[in-house]
Amino acid sequence: MRLIKQSIDRDGSGSITLFPEEPEDMWFAYNLIRPGDLLKASAVRRVTTESATGSTSSTRVHITLLISVEKLDFDTQSAQLHVSGRIVEETKYTKVGQFHTLDLELNRNFNIEKKEGWDSVARNLVKEACDPVKSADVWAVIMQEGLAHLAILTGHRTVLRQKVEMTVPKKRGMGRQGDHDKALEKFFQTTMDTLLRQLDLTENKPILLASPGFVAQAFLRHVLETATRTGNKALLAQKSNFVVSHSASGYLHSLNEVLQTPEVLARLKDTKYAKETRLMNDFMDLLFKDDGRAAYGPGEVEQAVEKGAVGRGGGILLISDSLFRSQDVGVRRRWVSLVDKVRETEGGEVRVLSSTHESGKQLEGLGGIAAMLTFPLEYLDEDEEEEDLMPNGDINGIKS
Amino acid sequence: MSRHKLVKALDLDEELDDFDGGTEPGYDDEVSADDKEQLRLGTIKVRDILGEDAGIPDKEIEDSLWHYYYDIDKTVNYLLSQKTNSQPKKSKKKKAGDREAKATDFFKDSPWLNILKERCGEILIEPLYPRGGLLGGSSKQDGAPKSKLAALAAARKKKENQILEDGQNATSSVALLDKLGAKSRRSKADTRSSSSSLNPQSVPSGQPKNIQTRKYPIRKPQNEDVSPAEPSAEAAPAAPGPLPSSELEVKPEVTPAATPSVFARTIFGTPAKSHEPVFQSADSYVSQASESHTEFNFAGPSPDDIVTKAQNTKGSAPKAAKQLAPLANGNKSVNGVTQGVSEVDIEDTKIRGKNLDVLAEFEKSKPKNAANFVVIGHVDAGKSTLMGRLLYDLKVVDQRTLDKYRKESERLGKGSFALAWVLDQGTEERNRGVTIDIAMNKFETENTSFTILDAPGHRDFIPNMIAGASQADFAVLVIDASTGNFESGLKGQTKEHALLVRSMGVQRIVIAINKLDTVQWSQDRFDEISQQVSAFLTSAGFLSKNLAFVPCAGLTGDNIVRKADDPKASWYLGPPLISLLESSEPVTRALEKPLRLTIDDIFRGGVQNPLSVSGRLDSGNVQIGDTVLVMPAKEAGAIKGLEVDSDPVEWAVAGQNVILHLAEIDAKYLKSGDVICPPSAPIQCVTSFKVKVLAFEHIIPMHCEVHKGRLHALGRVTQLIAQLDKASGAAIKGKKPRLIKPGSVARVVVEVDDPVPLEQGGRVILRAGGETVGAGLVE
């Protein structure tokens, strides 16, 4: 993302023009644009004109529209962002109040003007988005016998691209091993085909293969053997990009464990997800110590912040970016003010975790917010019981 | 299946016509069925009728009379058709041979049979007819095909009558007979309805039980139809009754013209032998087909046996008939009947159950004690080797096989793994020397038949171990006694496994302290280990009376089947491992509950059984022909074959390890971990459930995998409802827990992404990050 133009007044109002360069930037845009904002972007609109005789003709016109955002729709797989709302500026073809859905496109500017003003979280997000350091993308294949998850990890997102599930017969005693081996072979082949469909072999990205037991090794062997047999040079060239690792299961949430193994960390050390994973682990460790220095859940954390426990000297607030995506302006403001308070007043550290990474999901399970405290607070949630509107994990949208 | 196609393609009406036209009208007029006293009388009468045909022993007539409840025309019909059709009645299998000969004789000169060879394919239906004829005559419901035939015949007869009466001469006798036949048939129908309580008894005989629900309604209409159709035939002979199809109309005209009906022949003398050749081929085809049917469906008792049995167990069938009656009334048109016939017949080619009372059968069979035990322990404790040794010493595995393994394993440089290879059959397992998946083996001692579930010890394969342990009645914990290994094991999977089996409901545990030969059978070592393990297991909730320790050496076989011969081991006076296994108490089984079977594996059971599943019956019972529901796919399938410990059987009950050969269901609906249950009492699939959980690790709201037997699903703990008191199970008052510490008990809510079949009281294991975080009971 490139920042083309920024004009924000001291009171926070103003507009920003951005230039998205890669799919990842759409994710930022999705987090940045909120209902109520004014968004200006180029659009293709079909205009129907009726002639005097009553015959109609429709033409497509390329125009720039300014809409007041009402709804956002983000397609995780293709990283496309659709923003719908009412047109607020009349053009030659459109009237005010008509609906339009803008499809934000790569390499085309868009301009956002915030009704509520640019709060700190939004400004930080822009800063982060325009950070020129590119994070390495990594492919991950998490598998177990008969089950494989193919995902791509980008700086701010983990996207599950494909799930492969097949029935592999178990071993059946004497002389019946053939069925199992054959089915396993087929499973590997399917997984490999799926992977090759997703993979761009001209790119040089690490490919993590992880599984319990020996499945990942066997899979890598299968891939290399097949590549040699079929003379797939492009695939063979990727050989050094494969990293075999251990995971507890074939489910995607085992990715966390994978990201902690030394061989993976060596490659991915400074990526955002590796950092987030580490952070989350630190928090878990602290929580398991149960010395009152870890708080999770909205009520608990707010209380802790209130008491000044998330301050200088180790106080870290972990917050999922999904909390800021709330449709309700009030809710968003609540979290923004919390973040501001920790950052400005208390001097603590704030980390916004991506809700699509496994670490972020873990955090969402805890209510989307957690904090490492500087001093123990044992009595945290005692008086919280009644008015705690969000029980553990509720914010995850689980109830809906 | 090509046969099904043939059956579908076949022209039922035509076939049926030939038959009924031939047989039925004949005897109807002679006798009317009234009193059941007249077995003897009946026999005489039947004999009268059949006089010319002779060759039917009294015994057989009596039998038939008995089956047909003294209904003489049915009996005659049946006997005759049996005769004409190469006597398929008693047991088609048995009679196929002479049936062929006689029938061919009989139809020798029938020109219409001389037609094209293609017709043979159509005639294929005949296996269905004779069956129907047999059963139909005897029973209301079961008689479906038969009574349909009867209805058809009636309709056809009506037609014939009409035609004939309209001024035909040559076939007048036939016409007359037909008419009479219709009359007597009506009386027959009456008899039938009066004795309907009896008739249904024979329903189960040979009928696919699994199709009951579909079938009865179809079948019943036919029965009902018999009466409506026939009277109308009689009452208004001039008016063409509702005829099933144009073909049916055509055929009657042809048949009488071409061939004297069987009856006519019976009356007017046995015809010359000119039909023979064609029919023979057709008939041989038939007999072939019916033979294959019989083979397929009647593994055990002959149809007669079944009928008898069914008669003995009248109980439920009449009720079913009653229930179905209203349905039946609706479907009166002959058209419907025809349709019904075709459907029924097609289904007939599928699976037939015997509708056994499995529980009674089970009682009768006086089963040997059966016990499943899971072998658990840390990786490389020698579980597989110990079990390999056990099987070898019990001669389950012969010397030759073992020598082969020994040679092969030595080639891989793993000579000591030869015994383990008895159980570790997998390629990968052998190459790596590690058990990966559960191995199941059987052996028997004098009183008990055992199933070994050899679990993998490696922590990565704990899901597999869970699958095995969920099928176990008790456990054998193998502990490596060698220095250092015991200690690392106790921290590792020795502990985890023991906790797991305990939380899955295993009460009794035999501790085999293995590899004692490596420490010179040191009694101190044994005592030290037993003490520590005992202390740990008691704390894990095992009662000390349910623990038994035995020092042994798997590799050498000491104290496994035989007593140790090493003098250094003489201090141990207790029994060897095998005796400890035998002392296990028989487990009570939930036989009465609805069927539950968690699918362990899905595989191709062979050429005949493209889709088979294996697993242990958790509760209930199952038999061939049952319709079952697979959850969570909610797909119904039929059981066409059953194996218990790789022997084909008719039924199975809870506690047995079975293989089900399924039909009428696609493999894509099956997943290991799915539950097979009866359609009447399907297991519920849930996405969110409360669990009373014993925490092994810290539990917070988090992602986890939910394991239950083979079932594994991705889920998450979403709420910690309350911490529970360990002893009383009551919720501890006060604040909501924010963290469940290891060792404590709590109530939590778990949600899963996809619905999983779970019932109250089901035992689930929660795992995360390769660790077992808790085990619990679904509430």
Side-chain angles (χ1 to χ4, degrees), chain A residues 144-147 165 167-181 183-184 211-215 218 246-254 256-257 284 287-288 290 294-297 300 358 361-362 364-367 379-385 388 391-394 396 398-399, chain B residues 401 423-429 431-432 434 436-441 456 458-464 467 600-604 614 646 667-668 670-672 688 697-698 700-705 710 712 714 716-721 734-736 738-739 741-742 749 751 767-771:
Chain A
Q144 70 190 43
E145 240 174 58
L147 181 69
E165 198 170 10
T167 302
V168 177
K170 308 287 173 330
K171 65 176 182 181
R172 297 218 60 79
M174 313 259 185
R176 300 293 294 278
Q177 197 52 35
D179 283 356
H180 173 264
D181 289 357
L184 198 61
S211 78
F214 318 108
V215 182
H246 177 273
S247 74
S249 73
Y251 292 107
L252 203 56
H253 69 102
S254 301
N256 251 347
E257 187 191 345
M284 289 296 178
L287 184 62
F288 291 159
D290 201 29
Y296 70 84
E300 225 176 271
E358 281 312 314
K361 284 187 184 154
Q362 221 173 340
E364 296 219 327
L366 296 171
Y379 45 89
L380 266 177
D381 52 353
E382 255 159 36
D383 51 349
E384 191 69 21
E385 208 63 36
D388 191 357
N392 307 330
D394 196 23
N396 205 3
I398 283 156
K399 284 239 171 107
Chain B
T401 317
L423 293 120
D424 293 351
Q425 302 273 348
T427 329
E428 195 85 5
E429 290 182 336
N431 290 339
R432 308 224 174 231
V434 167
I436 292 175
D437 206 344
I438 286 281
M440 231 197 248
N441 271 70
H458 196 282
R459 63 189 289 263
D460 275 2
F461 308 120
I462 285 188
N464 294 338
D600 186 41
D601 190 14
I602 299 149
F603 57 99
R604 192 181 148 82
S614 66
S646 37
K668 70 181 173 200
L670 299 169
K671 214 161 81 235
S672 61
S688 169
E697 303 284 337
H698 289 92
I700 51 167
M702 62 184 178
H703 289 272
C704 62
E705 290 131 56
R710 254 323 157 180
H712 57 90
L714 186 58
R716 53 199 177 274
V717 177
T718 54
Q719 278 188 62
L720 314 177
I721 299 176
K735 59 178 183 175
K736 254 183 180 178
R738 49 196 295 277
L739 170 73
K741 282 188 210 157
V749 174
E751 304 201 359
R767 308 194 82 232
E771 312 249 319

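Side chains included, hydrogens not; waters and symmetry mates left out as well; all remaining heavy atoms used.
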Problem - Selection from B:K668, B:R459, B:R710, B:R767 maximising heavy-atom pairs under 4.5 Å formed with chain A - result: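 Of the options given, most contacts go to B:R710.
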
Practice task
State, yes or no, whether a side-chain contact exists between A:L287 and B:L739 at a heavy-atom distance under 4.5 Å.
Solution key: yes

Exercise for the section: State, yes or no, whether a side-chain contact exists between B:H712 and A:Y251 at a heavy-atom distance under 4.5 Å. Expected result: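 B:H712 reaches A:Y251 side chain to side chain.
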
Problem - Reported CZ-to-NZ distance for the pair B:R716 and A:K361, which is rounded to 0.5 angstrom - result: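 So the CZ of B:R716 and the NZ of A:K361 are separated by 10.0 Å.
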
Exercise for the section: Kindly compute the distance separating NE2 (B:H703) from CG (A:N256), expressed to the nearest 0.5 Å. Expected result: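 That separation rounds to 8.5 Å.
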
Problem - A:S254: partners by side chain to side chain donor-acceptor pair (under 3.5 Å), with sequence neighbours left out - result: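 Partners of A:S254 by the side chain to side chain donor-acceptor pair (under 3.5 Å) criterion, ordered by chain and then number, come out as A:S249.
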
Practice task
Classify the angle between the aromatic ring planes of B:F461 and A:F214 as parallel (below 30°), tilted (30 to 60°) or perpendicular (above 60°).
Solution key: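 Rings of B:F461 and A:F214: tilted, 30 to 60°.
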
Practice task
Determine, step by step, whether B:M702 and A:H253 satisfy the side-chain contact (heavy atoms from CB on, under 4.5 Å) criterion, reporting the C-alpha distance in whole Å, the side-chain angles of both residues, the deciding distance to 0.1 Å, and the verdict.
Solution key: CA-CA 10 Å; B:M702 62 184 178; A:H253 69 102; over 6 Å; no

Exercise for the section: Run the numbers on B:I700 and A:L366 for side-chain contact (heavy atoms from CB on, under 4.5 Å), then give the verdict. Expected result: CA-CA 8 Å; B:I700 51 167; A:L366 296 171; 3.8 Å; yes

Exercise for the section: For side-chain contact (heavy atoms from CB on, under 4.5 Å), just list the numbers for A:Q144 and B:D460, CA-CA rounded to whole Å, side-chain angles, deciding distance to a tenth of an Å, and then say yes or no. Expected result: CA-CA 10 Å; A:Q144 70 190 43; B:D460 275 2; over 6 Å; no

Practice task
List the atom of A:A248, the atom of B:G770, and the distance in Å for their closest heavy-atom pair.
Solution key: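 So the minimum-distance heavy-atom pair works out to CB-N, 2.8 Å.
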
Exercise for the section: Using non-hydrogen atoms and a 4.5 Å limit, figure out which bit of B:H458 sits close to chain A: side chain, backbone, both or neither. Expected result: neither

Handout entry: Side chain / backbone / both / neither for B:I462 at chain A, heavy atoms under 4.5 Å
Key =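 B:I462 has no heavy atom closer than 4.5 Å to chain A.
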
